[in-house]
Asks: 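This structure is in C-alpha cells; I'll ask about it shortly.
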2 protein chains.
Amino acid sequence: MQKKSSATIYDVANRVGVSLATVSRVVNGNSNVRESTKRKVLDAIEELGYHPNAVARGLASKKTTTIGVVMPDVTDMYYSELARGIDDVANMYHYDVLLTNTDEDPVRETMAVNNLASKQVDGIIFMGNELDREVLNTIAGADAPVVLAGSIDAEGQLPSVNVDYVKAVEEAVDTMVKNKHKRIALVTGPMTHAINKLHRLVGYQTALEKADIVFDDKLLFVAHQDYAAGLQIAEKILAAEADGVIAYDDEVALGIMNYMREHGKRIPEDFEIITSNDTKFTIVTRPELTSIGQPKYDIGAVAMRMLTKLMNNEIIDDTQVKLPHTLERRGTTIN
Amino acid sequence: MQKKSSATIYDVANRVGVSLATVSRVVNGNSNVRESTKRKVLDAIEELGYHPNAVARGLASKKTTTIGVVMPDVTDMYYSELARGIDDVANMYHYDVLLTNTDEDPVRETMAVNNLASKQVDGIIFMGNELDREVLNTIAGADAPVVLAGSIDAEGQLPSVNVDYVKAVEEAVDTMVKNKHKRIALVTGPMTHAINKLHRLVGYQTALEKADIVFDDKLLFVAHQDYAAGLQIAEKILAAEADGVIAYDDEVALGIMNYMREHGKRIPEDFEIITSNDTKFTIVTRPELTSIGQPKYDIGAVAMRMLTKLMNNEIIDDTQVKLPHTLERRGTTIN
DNA sequence: GTCAGAATTGCAAACGCTTACAACGTTATA
DNA sequence: TATAACGTTGTAAGCGTTTGCAATTCTGAC
C-alpha cells in the first residue's frame with residue numbers, strides 16, 4: 001500500500017489513460033468531468049496512494065493555502081489563545097499556519113514578514129505592539145494581505161481586530177473610583193507603543209478626569225510582561241502609595257498581588273487590582289483576579305475570517321473591528 | 001523601491017547579463033563565482049529588490065526548509081514551551097515551522113501528518129500521547145523524518161526526547177513517603193496512553209512497593225488536563241481519603257489544591273501535592289506548587305536539533321534521549 | 001441522418017528555481 | 001609554446017502542478 005516515493009499526477013493519468021489535465025480537474029473538484037471518468041480517476045488515486053504535491057501546486061497556481069502568523073511569543077497565554085482562534089478558523093478554510101515568534105523585536109518582525117512573503121503565504125496575521133515604520137513598510141511591501149490581531153498601529157490603517165482598550169481601561173478605573181480608591185496606578189508597556197500611549201493611557205486619564213482626580217505621573221509604570229517584572233514594579237507601586245492598580249498583563253498583576261500581600265496589604269480592601277487579559281491565570285489564584293474580559297479566541301478567529309475574505313478579494317464592510325469587552329469582577333476588587 | 005510583482009531570478013540575470021545559473025549560485029552562496037560578478041549580481045538583487053521564491057525553490061530542490069509541528073494545543077503551557085524550544089532552534093537552522101493543533105484526536109493527528117507530508121515538509125516534530133497504530137502508520141508513510149518531543153510511543157521505535165517519567169514519578173512518591181504521607185493518589189490521563197500505563201503508573205507502583213505500601217487502585221484517577229477537571233476530581237480524591245496527590249498537569253493540580261483548601265485541608269500538612277510540568281502556574285499561586293521539574297524548552301530544542309541531523313542524514317548516536325529532570329520543592333510539600 | 005451547441009478531454013505553456021553537464025577562458029606546468 | 005587542469009559560466013532539462021485554448025465527443029432538436 002505504501003508506495004515509496006509517492007506517485008505523481010502523471011502516474012495517475014497513465015494508470016487511467018487520461019491526461020494530466022483531467023486528473024487535475026477531478027483533484028480540484030472541477031465539475032467539467034464525466035462522472036464515470038471521475039470515478040476511475042478517484043480509484044486510481046486511491047490505489048496509487050497519490051497525494052498532490054502542494055509545492056508544485058503552489059508554484060503553478062500561485063496560491064499556497066498557507067498563512068503566516070507572526071506573534072511575540074507562543075508561551076504567552078494571551079497570544080497563544082489568539083493563535084488558537086486563528087488556527088481553528090484557518091483549518092476551517094483549509095489553510096495551514098506558519099508560525100513565527102518575534103519577542104516583539106522589530107528586527108525579527110521585519111525578517112519574519114519578509115520571510116513569509118518569500119514563502120509566498122497567501123496572507124498574514126500580525127500580532128505585536130511595536131509596528132514601527134520599518135515593519136509597516138515591510139508589511140506594505142509583502143503583497144499578501146495582512147490583518148492585525150489584538151494589536152494597534154498608530155495610524156489605524158491596517159485591517160485589525162481588537163477590543164476598545166480606551167473604554168476598557170476607563171471602565172476599570174471607574175470601578176475602582178466607585179470603590180473609593182483614588183490613587184490608582186497604571187502599569188503598561190512602553191509609551192512608544194500606540195496601544196499604551198493612545199489607548200490605555202487615554203482611557204485612564206479620561207476616567208480620572210471624570211472623577212476629578214488629578215493625574216499623577218508618579219502612578220504610571222512601565223513593566224515587562226512577566227511575573228518577575230510584576231514583583232519588581234510592585235515595590236515602586238507600594239512606595240508611590242497607590243491603593244489600586246490596573247495592569248496590562250496577568251502575570252504582572254499576579255506579581256503585584258503576591259508582593260502586596262506579602263507586604264501586609266489586604267486585597268481588595270487596602271489595594272485593588274484589575275488585570276487585562278483574563279487568561280487562565282486569573283482563576284487559579286486566591287483571590288481570583290478581577291480582569292478586563294477580552295474575547296481572545298474570537299479576536300483571533302475573527303481576524304482570520306477577515307483575512308480569508310481579504311485573500312478572496314471580497315469587499316469588507318468594516319476593517320477596524322472592535323469586539324465587545326467585559327469586566328470580570330472577581331476577588332481583587334471590592335465590587 | 002518597491003517593485004510591484006516581485007522580480008524573478010530571470011530579471012536579475014538579465015540586468016547583469018549573466019545566466020540564471022550564475023545568479024542562483026550567488027544566491028545560494030556557491031563559491032564557484034568570480035568575486036567581481038558576484039558583486040554585480042548582489043547589486044542587481046539589491047536594486048531590483050529580488051527575493052527568491054521559496055516555493056519554486058522547493059519544487060526544484062525538493063527541500064522546503066519547513067518543518068511541521070503537530071501538538072495537542074498551543075494554549076497548553078506545557079506544549080507551548082516545548083514549541084518555543086523547537087521554534088528557536090528551527091530558526092537557528094533556518095527552518096520555518098508549520099503548526100497544527102490536534103487536541104490529541106487521532107483522526108486529526110493523522111490528517112495533520114498527511115497534510116504536512118503533502119506540503120513536503122523536510123521533517124516533523126510530533127507531540128501527543130495517543131500515537132495509535134493509525135497515526136504510527138501515517139508517520140511511517142510520510143517520507144519525512146519524525147521525532148517525538150515529550151511524547152512516548154509504546155514500542156519506543158521513533159526517535160524521541162523526554163525525561164524519565166518512571167523515575168520522576170517514583171521520586172515524587174518517595175518524597176511524600178518520606179514526609180509520612182501514605183495514601184498517595186495518582187492523577188493521570190487515560191491508561192490507554194503508554195506514558196501513563198507504562199511510565200507514570202510504573203514509577204508510582206515501584207515507589208509504593210519500596211515503601212511497603214500496598215497499591216490501592218481506588219487512589220488512581222483519570223482526569224482531563226484542565227483546571228475544572230482538577231476541581232472535579234478533587235472531590236473524589238477527598239472521598240478516597242488520600243493525603244497526597246501526584247498530578248500529571250499543573251492546572252489539574254491547582255484545581256485540586258484550591259478544592260482541598262476550601263474543604264479545610266491544610267496544604268501541605270494535611271495534604272501534599274506534587275505536579276508534573278513546572279509551568280509558570282506553579283509559582284504564581286500561594287502556596288507555590290512543588291513540581292517535577294522538566295526542561296521543557298530544552299526538550300523541544302533538543303528534539304529539533306535531532307531532527308536537523310535526521311534531515312541531514314547524519315548518524316545519531318542515541319535516538320532515545322532522556323533529559324534530566326528535577327524535583328522543585330516548593331510549598332505544597334513539607335520537604 | 002444532420003448539425004449546432006454543450007459537455008468532455010487533451011495539449012502545451014507556464015510557474016521560478018536548481019543542478020547536472022558542457023563549454024569556455026585562464027593559468028600553471030613542462 | 002603546447003597542454004593539462006582548473007576556475008568560471010552557460011545550457012537546458014527537469015521539479016509536479018494548473019489552466020487557457022483547441023480538439024473531440026455527445027446531445028437533442030429538427
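Because the structure is a prediction, the values reported are computed rather than measured. Only this structure's heavy atoms are used, side chains among them; waters, hydrogens and symmetry mates stay out.
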Asks: Over all strands shown, is B/Thr8 touching base, sugar-phosphate only, or nothing at heavy-atom distances under 4.0 angstrom?
Replies: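 The residue B/Thr8 makes sugar-phosphate contact but no base contact.
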Asks: Going by salt bridge (Lys or Arg N to Asp or Glu O under 4.0 Å), name the pairs with one or both residues in residues 32-41 of chain A, residues two or more places apart or in two chains.
Replies: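 Passing the test, one end in residues 32-41 of chain A: A/Arg39-A/Asp43.
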Asks: Walk along DNA chain D from 5' to 3' and tell me the first and last nucleotide with an atom closer than 4.0 Å to a non-hydrogen atom of chain B.
Replies: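 Using the under 4.0 Å cut-off, the span is D/dT8 to D/dG16.
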Asks: Are side-chain heavy atoms of B/Met71 and B/Thr100 found at a separation under 4.5 Å?
Replies: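 Counting from C-beta outward, B/Met71 and B/Thr100 never come under 4.5 Å.
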Asks: To the nearest 10 degrees, how far apart in direction are the end axes of the helix from C/dG1-D/dC30 to C/dA30-D/dT1, each fit to five base pairs?
Replies: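 That helix gives 40° between its end axes.
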Asks: Could you go through nucleotides 6-10 of chain C and list every protein N or O atom that sits under 3.5 Å from one of its N or O atoms, giving the distance for each pair?
Replies:
from	atom 1	to	atom 2	distance (Å)
C/dT9	OP2	A/Arg34	N	3.0
C/dT9	OP2	A/Thr37	OG1	3.3
C/dG10	OP2	A/Ser19	N	2.7
C/dG10	OP2	A/Ser19	OG	3.1
C/dG10	OP2	A/Thr22	OG1	2.8
C/dG10	N7	A/Arg25	NH1	3.4
C/dG10	O6	A/Arg25	NH2	2.4

Asks: Cut-off 3.5 Å, side chains only: do B/Thr66 and A/Lys119 have a donor facing an acceptor?
Replies: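 Note: B/Thr66 and A/Lys119 side chains meet the donor-acceptor criterion.
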Asks: I need the full list of salt bridge (Lys or Arg N to Asp or Glu O under 4.0 Å) pairs touching residues 63-74 of chain B, with sequence neighbours left out, sorted by first then second residue.
Replies: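 Of all non-adjacent pairs touching residues 63-74 of chain B, those that pass salt bridge (Lys or Arg N to Asp or Glu O under 4.0 Å) are A/Arg84-B/Asp73.
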Asks: Checking the side chain of B/Asn14 only, and the main-chain atoms of B/Asp11 only, is there a donor and an acceptor separated by less than 3.5 Å?
Replies: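 Flag not set: sc B/Asn14 to bb B/Asp11 has no pair under 3.5 Å.
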Asks: For a side chain to side chain donor-acceptor pair (under 3.5 Å) check, start with the C-alpha distance between B/Asn28 and B/Ser24, then their side-chain angles and the critical distance, and finish with the verdict.
Replies: CA-CA 6 Å; B/Asn28 292 294; B/Ser24 176; 3.3 Å; yes
Asks: Looking at B/Tyr10, does any N or O in its side chain come under 4.0 Å of the phosphate oxygens OP1/OP2 on C/dT18?
Replies: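 It does not, given that no N or O in the side chain of B/Tyr10 lies less than 4.0 Å from OP1 or OP2 of C/dT18.
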Asks: Quick one: B/Leu48 CG to C/dG16 C1', roughly how many Å, whole number?
Replies: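 After rounding, the gap between these two atoms is 15 Å.
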Asks: Check the distance between C/dG16's P and A/Gln120's CD and give it to me in whole angstrom.
Replies: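 After rounding, the reported distance stands at 8 Å.
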Asks: Quickly work out the B/Leu59 CG to C/dA14 C1' distance and round it to whole Å.
Replies: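 It works out to 12 Å between those atoms.
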Asks: Is A/Thr75 reaching over with its side chain to a backbone N or O of B/Ser80, donor-acceptor style, under 3.5 angstrom?
Replies: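 Here the side-chain-to-backbone pair does not exist.
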Asks: How about A/Gln320: does its CD atom have over 12 heavy atoms from other parts shown lying under 6.0 Å from it?
Replies: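 Correct, the count exceeds 12.
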Asks: Measure the CG-CE distance between A/Asn91 and B/Met111 for me, rounded to the nearest 0.5 Å.
Replies: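 Taking CG in A/Asn91 and CE in B/Met111, the distance rounds to 7.5 Å.
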Asks: One pair to check against side chain to side chain donor-acceptor pair (under 3.5 Å): B/Tyr78 and B/Gln225. What are the steps and the verdict?
Replies: CA-CA 11 Å; B/Tyr78 176 74; B/Gln225 316 185 37; over 6 Å; no
Asks: Closer than 3.5 angstrom, by distance alone: can the side chain of B/Asp122 be matched with the main-chain N or O of B/Ile67 as a donor-acceptor pair?
Replies: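 Not a single qualifying donor-acceptor pair exists.
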Asks: Any sub-3.5 Å donor-acceptor pair from B/Asp132's side-chain atoms to B/Val135's backbone N or O?
Replies: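 Checking the backbone N and O of B/Val135 against the side chain of B/Asp132, a donor-acceptor pair under 3.5 Å is found.
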Asks: For DNA chain C, which residues of residues 60-67 of chain B approach it to below 4.0 angstrom with any heavy atom?
Replies: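 Output list: B/Ala60, B/Ser61.
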Asks: If we count only N and O atoms by modelled type, under 3.5 Å, do the side chains of A/Asn115 and A/Arg108 hold a donor and an acceptor together?
Replies: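 Absent: no donor and acceptor within the cut-off.
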